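Notes for the one structure printed next.
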Amino acid sequence: MRLSIALVVSSILFFMIWVFSQFKEPPGFNFLMNTLLVFMAFVCLESIRVTQRSVLKWNFKSIPFVKDVLSFVLPILTGTLVYCVLFYFFKWFDHYLLGSEPPLLAHIVSAVLIGLLLSLIFGLILWLVTWKDSYYSAIIKTENYKTEMMHANLSMLRNQMDPHFLFNNFNTIYYLVDENPDMAKKFLKNVSNIYRHILNHADENLIEAKEEYEVMLQYLEVLKERFGEALELRNEIKKNHLKERYLPPLVLHELVENVMKHNRIDNENHIVLKLISTSDNLIISNNRNPKKEVHSTKNGLRNIIARYDLLTDSNVLIEEDVDSFKVKIPLITTEHED
C-alpha cells in the first residue's frame, strides 16, 4: 500500500515536470495569483473533507470494506475535479489580468496532475485522521460499555448481599431469643449498626479498609459474648496496613459469618479465628470443626470472588484442607483500580 502511494505520487511529480517544460512561458511569482492558488488548494481540501464525511454516512453493512474504499477514492476524484474547474477560471483571469496564455491543453493537463496530487495528499491525511478518530472512539465506546457492565454487575452483587446478610443474621437472632434474650438484644443492635453501615455505602463499590475492619470488630464482639471461650480470636491486623487501602463492603463480615455457619462452636469444639494483615492482603483463617449437616449455597464466597474480579486484577485465594480453612483477600490500593 505504502509503495503504491509512493509510486503514484512520484509518477505524477515526474509527469508534472515534463508538462511544465512544455509551457512557452514558465510559471512566475505574483502575490495575488499565488494567493489565489493557495485559496484554490484550500477549497480543494474542503471539498475532499465534505465528500469524505458524506460517504462515511452511507450504509454498507453487508460489505463494510466498500465504505473504506469509497471514502478514500471519491473524495480524491472530487478534489481533483474541483481544482481543475477552479484552475480553468483562474487561468482565464490570469490571461485577462496579466496577459498570459489562455487555457491550453497543457494547462488543463497540469491542473489535473496538480489537483490529483493535492487530493491524494489531502485525502490520505484526512482518511488517516478519520480512521484514527474512529479507532479511538471505538476503544472509548468499548471501555465505557465495560465500565457500565461492571457497575451493573456490582450493583447486582450488592443486591444479592442484602437478603443474604439479613437471612443469616435473623437466623442467629431466632436462636438467641430463647438461649439468651439479653444477648439477642445486643446482637440485634449490632446488626442494626452494620445494616446502617450498608445503607450509608449503598452506592459504593469500595470503602476504606479501616472502616470495614471496625464494623467487623463490632460483629466479632457480639460473637465472642455468645460463644465465650469456645471462640478464640487472634487479631494480628496492623492498622498501618489498612491506611489508604480499600475493600468491597461487608467482605470481612461475610468471611467471619462463613466460619460461624460451617463450624460447630461449643465447649468441646473450639474455633481459633486468626486475622492477619500484610501490606497487600488480609488473611482470615480458622481450624475446622465442620457441622454434620449444613445447607450451603456458597453464595457468600462466590459473591466476594465475583466482586474482586470486577474491581481488580488481584485474586482472592482460598486454601482448604482437612484441619484448616484460609481466605486471603487483596487490599485494593485505590478506589479506581481496575
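All values below come from the heavy atoms of this structure, side chains included, with hydrogens, waters and symmetry mates left out. These figures come from a predicted structure and were not determined experimentally.
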### Task
Decide side-chain contact (heavy atoms from CB on, under 4.5 Å) for Val272 and Arg234; before the verdict, give the C-alpha distance in whole Å, the side-chain angles of both, and the deciding distance to 0.1 Å.
CA-CA 7 Å; Val272 179; Arg234 297 180 184 176; 3.5 Å; yes
Looking only at heavy atoms, what is the nearest atom pair of [X] and [Y], with distance?
| X | Y | value |
| --- | --- | --- |
| Pro248 | Leu311 | CG-CD1, 3.9 Å |
| His270 | Asn289 | O-ND2, 2.7 Å |
| Ser277 | Lys238 | OG-N, 2.8 Å |
| Leu70 | Pro75 | O-CD, 3.3 Å |
| Ser119 | Gly79 | OG-C, 3.1 Å |
| Ala111 | Tyr83 | O-CD2, 3.5 Å |

Okay, side chain of [X], backbone of [Y]: is any donor-acceptor separation there less than 3.5 Å?
| X | Y | result |
| --- | --- | --- |
| Asn315 | Leu317 | no |
| Glu232 | Ile271 | no |
| Lys326 | Asn286 | no |
| Asn263 | Val259 | yes |
| Glu319 | Val327 | no |
| Lys328 | Leu282 | no |

### Message
Counting neighbours of CG on Asn267 that are heavy atoms of other residues, nucleotides or ligands and sit closer than 6.0 Å, is the number greater than 12?
### Response
no
### Query
Is atom CD of Glu244 surrounded by more than 12 heavy atoms (other residues, nucleotides or ligands) closer than 6.0 Å?
no
### Task
Decide whether Val112 and Leu118 are clustered together by the hydrophobic rule: side chain heavy atoms of Ile, Leu, Val, Met, Phe, Trp, Tyr closer than 4.5 Å, transitively.
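No, Val112 does not connect to Leu118 through the hydrophobic network.
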### Query
With the 4.5 Å side-chain cut-off for hydrophobic clustering, are Leu275 and Ile283 part of the same group?
no
Sort out for me which residue in [options] forms a side chain to side chain contact (heavy atoms under 4.5 Å, CB included) with [X].
| X | options | answer |
| --- | --- | --- |
| Leu124 | Leu126, Leu120, Ile121, Leu128 | Leu128 |
| Tyr246 | Glu208, Glu212, Lys210, Glu211 | Glu208 |
| Leu206 | Ile332, Leu247, Thr312 | Ile332 |

### Query
What distance do Leu81 atom CG and Cys44 atom SG have between them, rounded to the nearest 0.5 Å?
10.0 Å
### Atom pair CG/CD1 of Leu273 and Ile265 - distance to nearest 0.5 Å
8.5 Å
### Query
Between Asn281 and Thr278, is a side-chain contact (heavy atoms from CB on, under 4.5 Å) present by the stated rule, with each step listed?
CA-CA 5 Å; Asn281 299 282; Thr278 67; 3.7 Å; yes
### Message
What I want to find out is whether Glu46 reaches Arg49 closely enough, with some N-O distance under 4.0 Å, to be called a salt bridge.
### Response
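Yes, Glu46 and Arg49 are salt-bridged.
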### Message
Between Ile76 and Ile48, is the side-chain contact (heavy atoms from CB on, under 4.5 Å) condition met? List the steps.
### Response
CA-CA 6 Å; Ile76 290 175; Ile48 293 171; 5.8 Å; no
### Message
Between Tyr308 and Asp313, is there a side-chain donor-acceptor contact under 3.5 Å, judged purely by atom types and distance?
### Response
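Distance-only check fails for Asp313 and Tyr308.
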### Task
Apply the test ring pair (Phe, Tyr, Trp, His ring centres under 6.0 Å) to residues Phe90 and Phe93: give CA-CA distance (whole Å), side-chain angles for both, the deciding distance (0.1 Å), then the verdict.
CA-CA 5 Å; Phe90 165 82; Phe93 182 72; 7.5 Å; no
### Task
Might you work through the salt bridge (Lys or Arg N to Asp or Glu O under 4.0 Å) test for Arg288 and Glu320, ending with a clear yes or no?
CA-CA 10 Å; Arg288 298 186 65 188; Glu320 182 178 7; 3.3 Å; yes
### Query
Where does the angle between the aromatic ring planes of Tyr96 and Trp92 fall among parallel (under 30°), tilted (30 to 60°) and perpendicular (over 60°)?
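It falls in the parallel class, under 30°.
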### Message
Test side-chain contact (heavy atoms from CB on, under 4.5 Å) on Leu220 and Met216; report intermediate values, then the result.
### Response
CA-CA 6 Å; Leu220 284 171; Met216 178 196 66; 4.0 Å; yes
